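Working notes, beginning with the structure itself.
These figures come from a predicted structure and were not determined experimentally. Order of the sequence lines sets the chain letters (A, B, ...), proteins ahead of strands, with each chain counted from 1.
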Number of protein chains: 2
Amino acid sequence: MKEKLTERQNEILNFIKDYRRENGFPPTLREIGGRFQISSTFGVKRHLNALEKKGYVVIERNASRGIRIIQHDDYFDGDTTRVGDEFFNKIPIVGRVAAGSPILAMENIEGSIIIDPTFVKKAEGAFALRVRGDSMINAGIFEGDLVIVSPDNKGKSGDVIVAMLDDEVTVKTLNVKKNKIVLLPENDNYDPITIEDKNSFSIIGKVKGVVRWLN
Amino acid sequence: MKEKLTERQNEILNFIKDYRRENGFPPTLREIGGRFQISSTFGVKRHLNALEKKGYVVIERNASRGIRIIQHDDYFDGDTTRVGDEFFNKIPIVGRVAAGSPILAMENIEGSIIIDPTFVKKAEGAFALRVRGDSMINAGIFEGDLVIVSPDNKGKSGDVIVAMLDDEVTVKTLNVKKNKIVLLPENDNYDPITIEDKNSFSIIGKVKGVVRWLN
DNA sequence: CATCATAGTGCTCAATTGTTCACTATCAAT
DNA sequence: ATTGATAGTGAACAATTGAGCACTATGATG
């Protein structure tokens with residue numbers, strides 16, 4: 001079993017994976033540093049050393065961009081299928097969530113959908129949620145749409161996120177102020193929701209995509 | 001169409017692919033030269049330049065190992081893949097369409113996307129079109145979104161369709177009146193378009209879905 | 001409080017790597 | 001016979017990139 005990563009290390013590992021998928025080769029130390037405002041290559045190098053020690057990557061000594069990513073086992077099991085160089089990706093569709101039940105509980109699953117693996121990976125634990133209500137129409141998210149949710153990413157201010165609020169699942173734009181969390185609907189008929197009781201609130205994940213089928 | 005490679009160029013391209021698959025990153029000029037007993041990096045570089053000119057790779061200037069391998073998919077046959085009992089579906093993404101060119105011309109294709117075969121089948125000749133402009137925001141279709149288009153289905157009144165109008169591709173709601181075709185934008189800032197000259201107008205297909213990726 | 005792991009700065013240095021030049025050689029096609 | 005595309009040498013140079021050191025800071029833990 002692999003050792004657990006710190007928050008920072010996990011961010012950096014994900015950046016390396018994304019970069020490599022987009023460019024076909026891994027980033028340099030300075031490119032990683034640039035992304036995270038780490039001005040010293042040494043700071044970055046130590047993160048890589050930590051990732052290597054914990055078994056997530058292998059670093060080629062003195063080689064530029066010499067980062068080998070070690071695939072997690074769970075990348076290959078379950079519903080991710082490898083065909084040649086491509087990964088096909090089947091994620092569950094969550095329909096109406098029964099109050100109090102874990103969102104991915106069997107009773108909440110209404111089916112599955114294949115999603116391009118360029119965008120979300122099964123390894124991220126992504127799932128699709130069918131949207132109820134019209135509170136996000138100004139963001140182009142309508143009743144019945146599927147939003148693709150990545151629980152690995154809890155979102156930052158301005159992101160569209162899925163949250164659990166008083167046993168209900170809701171899609172809103174996240175707005176973080178100093179000491180205050182506000183959920184913004186994207187519909188003038190609804191008011192922003194200010195989080196008063198942090199115990200009855202949690203962020204499930206960031207919305208990474210929207211899928212709609214007509215007729 | 002891609003130009004033919006020489007024997008040597010083909011060997012080198014294959015080596016780069018193999019190297020990348022084994023190591024997770026592309027080789028350096030000297031590593032390529034080492035494999036083929038080419039002592040000068042310049043000799044190797046010129047092979048890469050040739051590969052780039054012929055459209056097989058893209059070289060990142062001054063970047064170590066900066067070799068991007070361009071995938072040459074044949075979009076029009078053999079891209080439905082069977083895995084077990086499931087069919088996976090890869091359809092081309094059409095970006096900006098050059099005026100006067102057929103919409104699926106190679107120069108218009110910017111990539112491909114895997115779509116759940118439950119919704120659109122390759123057999124329908126479906127493709128994805130990247131949306132330009134904001135004329136459909138009230139229908140939840142934004143600039144940059146991908147609309148999934150089925151050319152088998154020319155749509156009926158009330159459907160969102162993709163049409164070719166005066167050498168331009170446009171997404172609108174179709175409205176058929178007796179003896180008149182009107183294209184309705186879904187944005188109050190735009191006016192409906194009444195088709196006067198049927199020669200400069202044709203329906204490409206019906207929009208069967210919308211896909212949007214955030215960040 | 002002391003200790004340890006994590007995280008970062010600013011800097012130097014060495015190694016790696018890409019770029020370019022002038023020159024040679026082969027082969028196919030004009 | 002001359003031209004053009006391909007293929008390669010050897011060297012010098014510039015740019016990128018990784019490695020390492022001394023030092024600072026924070027939070028968790030015992």
Side-chain angles (χ1 to χ4, degrees), chain A residues 1-16 19-20 22-70 154 156 178-179, chain B residues 1-20 22-70:
Chain A
M1 200 45 131
K2 291 194 169 72
E3 271 186 71
K4 256 195 162 176
L5 294 179
T6 67
E7 180 67 28
R8 200 61 162 158
Q9 289 163 0
N10 194 48
E11 282 180 338
I12 287 172
L13 179 59
N14 282 332
F15 171 69
I16 295 169
Y19 185 104
R20 214 189 77 91
E22 281 172 33
N23 297 285
F25 43 83
T28 64
L29 296 185
R30 282 170 184 81
E31 284 167 342
I32 298 170
R35 164 66 180 73
F36 293 100
Q37 280 86 52
I38 300 172
S39 65
S40 172
T41 55
F42 187 54
V44 177
K45 175 118 183 71
R46 229 178 5 206
H47 284 303
L48 294 189
N49 289 341
L51 287 172
E52 184 170 38
K53 211 176 82 184
K54 293 182 179 179
Y56 288 78
V57 301
V58 173
I59 309 296
E60 201 67 22
R61 278 195 61 226
N62 285 320
S64 69
R65 304 177 191 273
I67 306 172
R68 288 188 170 85
I69 294 166
I70 306 299
K154 297 304 183 188
K156 58 184 186 305
K178 42 179 181 286
N179 284 334
Chain B
M1 214 35 82
K2 54 184 176 183
E3 272 184 71
K4 253 192 161 178
L5 293 180
T6 67
E7 181 67 30
R8 199 63 162 159
Q9 289 163 2
N10 195 48
E11 282 179 336
I12 287 173
L13 178 59
N14 282 332
F15 171 69
I16 295 170
K17 287 179 178 172
D18 288 346
Y19 185 104
R20 214 189 76 92
E22 282 170 35
N23 298 284
F25 43 82
T28 64
L29 297 185
R30 285 170 181 82
E31 285 166 342
I32 298 170
R35 165 65 180 72
F36 294 99
Q37 280 86 51
I38 301 172
S39 65
S40 171
T41 56
F42 186 54
V44 177
K45 174 127 185 65
R46 227 172 11 203
H47 284 303
L48 293 189
N49 289 340
L51 287 172
E52 184 170 37
K53 211 175 82 185
K54 294 181 178 178
Y56 288 78
V57 301
V58 173
I59 308 295
E60 201 68 21
R61 273 196 65 226
N62 286 320
S64 68
R65 304 177 190 273
I67 307 172
R68 287 190 172 83
I69 295 166
I70 304 299

Problem set entry | Distance in Å, A:Leu48 CG paired with A:Tyr56 OH, rounded so as to fall on 0.5 Å steps | 14.5 Å
Without placing hydrogens or testing angles, list every side-chain donor-acceptor pair under 3.5 Å for residues 39-47 of chain A, not counting sequence neighbours.
from: A:Ser40; atom 1: OG; to: A:Phe42; atom 2: N; distance (Å): 3.1
from: A:Lys45; atom 1: NZ; to: A:Asn49; atom 2: OD1; distance (Å): 3.2

Exercise. Contact class for B:Ala50 (heavy atom, under 4.0 Å): base, sugar-phosphate, or nothing?
Worked result: nothing
Problem set entry | Presence of A:Lys45 side-chain N/O under 4.0 Å of D:dG18 phosphate oxygens OP1/OP2 | no
Identify all pairs in which a protein N or O lies below 3.5 Å from an N or O of nucleotides 25-30 of chain C, and state each distance.
none

Exercise. What pairs of residues pass the salt bridge (charged side-chain N to carboxylate O under 4.0 Å, His left out) test when at least one of them lies in residues 31-40 of chain A, not counting sequence neighbours?
Worked result: A:Glu31-A:Arg65
Exercise. CZ of B:Arg20 to CD1 of B:Ile67: how many Å apart, nearest 0.5 Å?
Worked result: 10.5 Å
Could you list the donor-acceptor pairs under 3.5 angstrom formed by side chains in residues 9-16 of chain A, with sequence neighbours left out?
from: A:Gln9; atom 1: OE1; to: A:Thr6; atom 2: N; distance (Å): 3.1
from: A:Gln9; atom 1: OE1; to: A:Thr6; atom 2: OG1; distance (Å): 3.4
from: A:Gln9; atom 1: OE1; to: A:Lys54; atom 2: NZ; distance (Å): 3.0
from: A:Glu11; atom 1: OE1; to: A:Arg8; atom 2: NH1; distance (Å): 3.0
from: A:Asn14; atom 1: ND2; to: A:Asn10; atom 2: O; distance (Å): 3.4

Problem set entry | Nearest-neighbour nucleotide for the B:Ser64 side chain, D:dA7, C:dT19, C:dT17 considered | C:dT17
For this session: Decide yes or no, distance alone: a donor-acceptor N/O pair under 3.5 angstrom between the base of C:dG18 and the side-chain of B:Arg61.
Result: no
Problem set entry | Contacts of B:Glu52 that satisfy side-chain hydrogen bond (donor to acceptor under 3.5 Å, both in side chains) - sequence neighbours left out | none
Problem set entry | Selection: residues 34-41 of chain A, any non-hydrogen atom under 4.0 Å of DNA chain C | A:Gln37, A:Ile38, A:Ser39, A:Ser40
For this session: Rounded to the nearest angstrom, tell me the gap between atom CG in A:Leu29 and atom P in C:dT16.
Result: 15 Å
Exercise. Sequence neighbours excluded, which residues qualify as side-chain hydrogen bond (donor to acceptor under 3.5 Å, both in side chains) partners of B:Asp18?
Worked result: B:Arg21
Exercise. Whole Å only: how far is the CZ atom of B:Arg65 from the P atom of C:dG18?
Worked result: 7 Å
For this session: State whether A:His47 places a side-chain N or O below 4.0 Å from either non-bridging phosphate oxygen (OP1 or OP2) of C:dA7.
Result: yes
Seminar exercise, completed: For nucleotides 22-30 of chain D, 5' to 3', base contacts (B), sugar-phosphate-only contacts (S) and non-contacts (-) with protein non-hydrogen atoms under 4.0 Å give B--------
For this session: Please state how far atom CD1 in A:Ile32 lies from atom P in C:dG8, giving the value in whole angstrom units.
Result: 12 Å
Problem set entry | Nucleotide nearest A:Gln9 (side chain, heavy atoms from C-beta), chosen from C:dA7, C:dT17, D:dT17 | C:dA7
Seminar exercise, completed: Of all heavy-atom pairs linking B:Phe25 and A:Pro26, the shortest is CB-CD, 3.3 Å
Problem set entry | Residues that A:Lys156 engages under side chain to side chain contact (heavy atoms under 4.5 Å, CB included), provided they are two or more places apart | A:Asp159, B:Asn215
For this session: May I ask you to verify if any side-chain N or O of B:Arg8 is less than 4.0 angstrom from the OP1 or OP2 atom of D:dG8?
Result: yes
Exercise. B:Thr6 side chain: which of C:dT17, D:dA7, C:dA7 is closest?
Worked result: D:dA7
Problem set entry | Axis bend over the full length of the helix from C:dC1-D:dG30 to C:dT30-D:dA1, computed from five pairs that close each end, to 10 degrees | 30°
Problem set entry | Most 5' of B:Ile59 and A:Gly43 on DNA chain C, judged by nearest nucleotide | A:Gly43
Exercise. Can you find a pair of side-chain heavy atoms, one from B:Val58 and one from B:Ile70, that are under 4.5 Å apart?
Worked result: yes
Exercise. Could you state the CG-P distance from B:Asn10 to D:dT6, rounded to the nearest angstrom?
Worked result: 14 Å
Exercise. Between atom CG of A:Leu51 and atom CG of A:Leu5, what is the distance when rounded to the nearest 0.5 Å?
Worked result: 6.0 Å
Problem set entry | Residue A:Asn62, side-chain atoms from C-beta onward, closest of C:dT16, D:dG8, C:dT19 | C:dT16
Exercise. Using a cut-off of 4.0 Å on non-hydrogen atoms, how would the nucleic acid contact of B:Arg30 be classed: base, sugar-phosphate, or nothing?
Worked result: base
Problem set entry | Interatomic distance, B:Glu60 atom CD to B:Asn62 atom CG [nearest 0.5 angstrom] | 9.5 Å
Problem set entry | For atom CG of A:Leu48 and atom C1' of C:dA7, their distance in whole Å | 14 Å
